[in-house]
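Input: a single structure, listed below in structure tokens.
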There are 2 protein chains.
Amino acid sequence: MQLRGPVEWALHCCAVLAGLAPDRYLPTRDLADFHGVPKEYLSKALQALSQAGIVEGTLGPAGGYRLTRAPDRITFLDVVEAVEGRAPTFVCTNIRRNFPCLTATEKSQCTEARPCAVARVMWQADRAWRDSLRSVRLSDLLKTLSTDLSPGLQRRAAAWLDEHS
Amino acid sequence: MQLRGPVEWALHCCAVLAGLAPDRYLPTRDLADFHGVPKEYLSKALQALSQAGIVEGTLGPAGGYRLTRAPDRITFLDVVEAVEGRAPTFVCTNIRRNFPCLTATEKSQCTEARPCAVARVMWQADRAWRDSLRSVRLSDLLKTLSTDLSPGLQRRAAAWLDEHS
DNA sequence: TCATTACGGATATACGGTATCCTTAAGGAT
DNA sequence: ATCCTTAAGGATACCGTATATCCGTAATGA
């Protein structure tokens, strides 16, 4: 069970976009160069963010992506689910239906409406994971970064992004 | 990001073993038949449980697997980590090191000892997931099953397992 | 001695993640 | 009006891992 590269890229891209002026668009090319990841592949993740309504893209020169709303209204869960999908981490294959000692009635009662005890526990953990991700917003990440990163680095990063507008 | 079949099988197998008499061994063959899953492949999951010290196997006729300790001393997390591994769900590729505006000093400071802000949030969610799994024991699962399943089904399941001793 | 069983290595197969390329359409600059 | 830039998304190739099976070995009890 593992989150893949695009999720990490998407989160870092959102952090960059959140630090920009609200009306500014940043193209895929710059986001890819800034993070050192393949542009064409990163583009897929950004498209997923766009479809989820987290960012919006605009065409033509000076085009690119920007956030659709303020960083305090975008959670980690929004980004993760946009790229990774909303499917639960645990899939119940309804293994109960295979029990050799089931009557036809009991077998028919093994439905998604009555999830099995194992699945309920696993889904509870899934909810705890999502709740944790939902509790952190991009604005929180920005605040953390502003103390984690030296002022010099912050200035240089902003300058680099300005040059490539 | 998805948990795979063997995890589900392992949990259900542990539930069965937990319901057995403490000194009784149940072979892979019966566990596979009872759950309707491929025996050879299930064997891999059981071996993982064995290596993790959750179950122990014994050879020869009347051999098989049994739990190494009481069901109230085995958590869901024990089982999940035994089969799925202990690797964190989010892997930080240290994307920071790719920033084009880093000095050599700053780049060298991007070490695992100082994880990046994004990874910290993802790992916090990972901990919430594991904490939730750790809070449920096999004994809790047994109790749930005893109320979920009809007395008749419980009796028939026990009888089926007895026949195949 | 023999049947049974866990254990682990080797292997085959299928699927999904990874990555790239290309075409299309749209918007801005000249 | 024309050209360049860019998002958008379809098609495709590659590779790694999950899935699944088979076999040999060793140990155990009947």
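Numbers restart at 1 for each chain; the letters A, B, ... are given by sequence-line order, proteins then strands. Keep in mind that this is a model prediction, so the values were computed, not measured.
If you take OH of B:Tyr25 and C1' of C:dT5, they are 12 Å apart, rounded to a whole angstrom. Distance CG (B:Leu42) to P (C:dT5): 14 Å, rounded to an integer number of Å. As rounded to whole Å, 5 Å separates atom P of C:dG17 from atom CZ of A:Arg4. Atom-to-atom, CD of A:Glu84 to C1' of C:dG17 comes out at 10 Å; the value is rounded to the nearest Å. What separates NE2 of B:His35 from C1' of D:dA20 is a distance of 19 Å, to the nearest Å.
OP1 or OP2 of D:dT19 sits under 4.0 Å from a side-chain N or O of B:Tyr41.
Taking the six-membered ring for Trp and thresholds of 30 and 60 degrees, B:Trp160 and B:Phe34 have ring planes inclined between 30 and 60 degrees apart.
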task = Report the C-alpha separation of B:Ser146 and B:Gln154 in whole Å, then their side-chain angles, then the decisive distance to 0.1 Å, and conclude whether the side-chain hydrogen bond (donor to acceptor under 3.5 Å, both in side chains) test is met.
result = CA-CA 8 Å; B:Ser146 72; B:Gln154 293 182 48; 5.5 Å; no

key: Verdict with reasoning, A:Asp140 to A:Lys143, per salt bridge (Lys or Arg N to Asp or Glu O under 4.0 Å)   = CA-CA 5 Å; A:Asp140 301 319; A:Lys143 187 177 292 184; 5.6 Å; no

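Using modelled atom types, one finds no donor on one side chain facing an acceptor on the other under 3.5 Å when comparing A:Thr105 with A:Gln109.
Within the 3.5 Å criterion, the main-chain N or O of B:Leu77 finds no donor-acceptor partner in the side chain of B:Arg134. Using a distance-only test at 3.5 Å, with no hydrogens or angles considered, no donor-acceptor pair links the side chain of B:Glu56 to the main chain of B:Arg66.
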Interface polar pairs with nucleotides 6-13 of chain C, N/O, under 3.5 angstrom:
from  : atom 1 : to      : atom 2 : distance (Å)
C:dA6 : OP1    : B:Thr28 : N      : 2.9
C:dA6 : OP1    : B:Thr28 : OG1    : 3.2
C:dA6 : OP2    : B:Thr28 : OG1    : 3.2
C:dC7 : OP1    : B:Ser50 : OG     : 3.3
C:dC7 : OP2    : B:Tyr65 : OH     : 2.2
C:dG8 : N7     : B:Gln47 : NE2    : 3.2
C:dG9 : O6     : B:Lys44 : NZ     : 2.6

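Sequence order on DNA chain D of the closest nucleotides to B:Pro61 and A:Pro61 puts A:Pro61 first from the 5' end.
Closest contact between the side chain of B:Pro38 and the listed nucleotides D:dT5, D:dT21, C:dT20 involves D:dT21.
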